[in-house]
Amino acid sequence: MSNGSSITQFLLLALADTQELQLLHCWLFLGIYLAALLGNGLIITAIACDHRLHTPMYFFLLNLSLLDLGSISTTVPKSMVNSLWDTRAISYLGCAAQVFLFVFLMSAEFSLLTVMAYDRYVAICKPLHYGTLLGSRACVHMAAAAWGTGFLYAVLHTANTFSLPLCHGNVLDQFFCEIPQILKLSCSDAYLREAGLIVVSVCLAFGCFVFIVLSYVQIFRAVLRIPSEQGQHKAFSMCLPHLAVVSLFVSTAVFAYLKPPSISSPSLNLVVAVLYTVVPPAVNPLIYSMRNQELKDALWKLTQWVLFHRQ
């Protein structure tokens, strides 16, 4: 195959060698996918319906749940369909769409996590200025900036990646279309332009990560100065879920893209990819609801309303 224009489809990594194991993976993915849909759907509905949760923190959490729903819906359903029908194929345009949506949603999510760190910083360290710095208009602008950043990254990376000539077949060693796997198929040094763009993106992402870390250094210093134990517990309850989500997101993504080539293998790549693309959207709702009494109360009220109206 001389270039990308002659490729009509890509072959994704099979989840297992036998049809029976592929069906098992399909059911496992279905369970995780339904858990993600249920958890994030409940959080979105609870925040939208409960006026007590119409605050900046929950507004950003609603956006995070929307992004989680989108990201897991980009990769998992296609993989389940392929396992069910015992195929590995994805069309060229389908692959381009998957790359665009995945980069868009993941970039927007990391940008939003950075904004949420700022929200927690202002709430804990500058509570008297919270209403001024995080008014409704400011929150909408910051959320829009996060989504817009993701969209811009997705356009640049997708256009760059799919303009490359491909000389090494059409087999991808991943269960979804991933940019590093597509770059492996490119001709000689043609991938350097996209590689350079990835380096710039990594530097910007590292800057966001440093901002999150510095925000939490200031937050923890402020929390430890709170005289009452109850006040410290409340502050930690507000911040620890976000910190756990950031840690899960960053650690799995960093390991996926920066692990040494010597330990790289298709099976390990598959496991790591599942950890950073499939697991976070499913467990984020659990992380946020475990220590948040307001959200628990809203979810309980929503459950009671649904049960009452069914009767």
Margin query: For Phe102, run the ring pair (Phe, Tyr, Trp, His ring centres under 6.0 Å) check against Phe175, Phe176, Tyr153 and tell me which one passes.
Written below: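 Exactly one candidate clears the test, Phe176.
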Is the backbone of [Y] close enough, under 3.5 Å, to the side chain of [X] for a donor and an acceptor to pair up by distance?
| X | Y | result |
| --- | --- | --- |
| Gln98 | Thr74 | yes |
| His242 | Leu113 | yes |
| Tyr130 | Gly135 | no |

Rounded distance (nearest 0.5 Å) linking atom [atom1] of [X] with atom [atom2] of [Y]:
| X | Y | atom1 | atom2 | answer |
| --- | --- | --- | --- | --- |
| Thr55 | Ile47 | OG1 | CD1 | 8.0 Å |
| Ile212 | Thr114 | CD1 | OG1 | 4.0 Å |
| Leu12 | Lys78 | CG | NZ | 7.5 Å |
| Asn82 | Ile90 | CG | CD1 | 7.5 Å |

Can you confirm whether [X] sits close enough to [Y] that some side-chain heavy atom of one is under 4.5 Å from a side-chain heavy atom of the other?
| X | Y | value |
| --- | --- | --- |
| Leu183 | Leu164 | yes |
| Ser201 | His157 | yes |
| Ile124 | Cys239 | yes |
| Val213 | Val210 | no |
| Leu15 | Ser79 | yes |
| Tyr216 | Val223 | no |
| Ser215 | Tyr118 | no |

Test side-chain hydrogen bond (donor to acceptor under 3.5 Å, both in side chains) applied to [X] - qualifying residues, sequence neighbours left out:
| X | value |
| --- | --- |
| Ser136 | none |
| Ser251 | none |
| Ser73 | Tyr33 |
| Gln22 | Asp86 |

Item checked: Those residues that, when tested against Leu23, pass side-chain contact (heavy atoms from CB on, under 4.5 Å) (two or more places apart) ->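 Result, side-chain contact (heavy atoms from CB on, under 4.5 Å) vs Leu23: Gln19, Leu84.
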Note to self: Could you work out, with side-chain contact (heavy atoms from CB on, under 4.5 Å) as the rule, every residue matching Leu69, not counting sequence neighbours?
What the structure shows: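 Listed in chain order: Leu37, Asn40, Ile44.
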Taking only residues two or more places apart in sequence or in another chain, which ones pass ring pair (Phe, Tyr, Trp, His ring centres under 6.0 Å) with [X]?
| X | answer |
| --- | --- |
| Phe209 | none |
| Phe100 | Phe151 |
| Phe110 | Phe249 |
| Phe59 | none |

Closest approach of [X] and [Y], non-hydrogen atoms and distance?
| X | Y | result |
| --- | --- | --- |
| Val171 | Leu185 | O-CD2, 3.6 Å |
| Leu166 | Cys187 | C-SG, 3.8 Å |
| His168 | Lys184 | CD2-O, 3.8 Å |
| Ala36 | Ile72 | CB-CD1, 3.7 Å |
| Thr277 | Ala273 | OG1-O, 2.5 Å |

Notebook entry, point to check: For Tyr92 and Asn170, does a side-chain donor sit closer than 3.5 Å to a side-chain acceptor?
Noted result: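 On atom types as modelled, these side chains do not qualify, holding no pair under 3.5 Å.
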Note to self: In terms of relative ring orientation, are Phe10 and Phe162 parallel, tilted or perpendicular, with 30° and 60° separating the classes?
What the structure shows: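 Ring orientation of Phe10 relative to Phe162: perpendicular.
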Check: Does Asp50 have any salt bridge (charged side-chain N to carboxylate O under 4.0 Å, His left out) partners at least two apart in sequence or in another chain, and if so, which?
Finding: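 Here the qualifying residues are Arg52.
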Checklist line | Under 4.5 Å side-chain linkage, directly or through intermediates, the cluster mates of Leu197 | finding: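 Taking Ile, Leu, Val, Met, Phe, Trp and Tyr as members, Leu197 shares its hydrophobic cluster with Leu152, Leu156.
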Next item on the list: Evaluate the criterion side-chain contact (heavy atoms from CB on, under 4.5 Å) for residue pair Leu67 and Met106; output intermediate values, then yes/no.
Entry: CA-CA 8 Å; Leu67 289 168; Met106 296 297 277; over 6 Å; no
Note to self: Please determine whether side-chain contact (heavy atoms from CB on, under 4.5 Å) holds for the pair Tyr288 and Leu64, giving the CA-CA distance in whole Å, both sets of side-chain angles, and the decisive distance to 0.1 Å.
What the structure shows: CA-CA 11 Å; Tyr288 272 104; Leu64 182 67; 3.6 Å; yes
Check: Centres of the Tyr121 and Phe211 rings: under 6.0 Å?
Finding: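 No, ring centres 6.0 Å or more apart.
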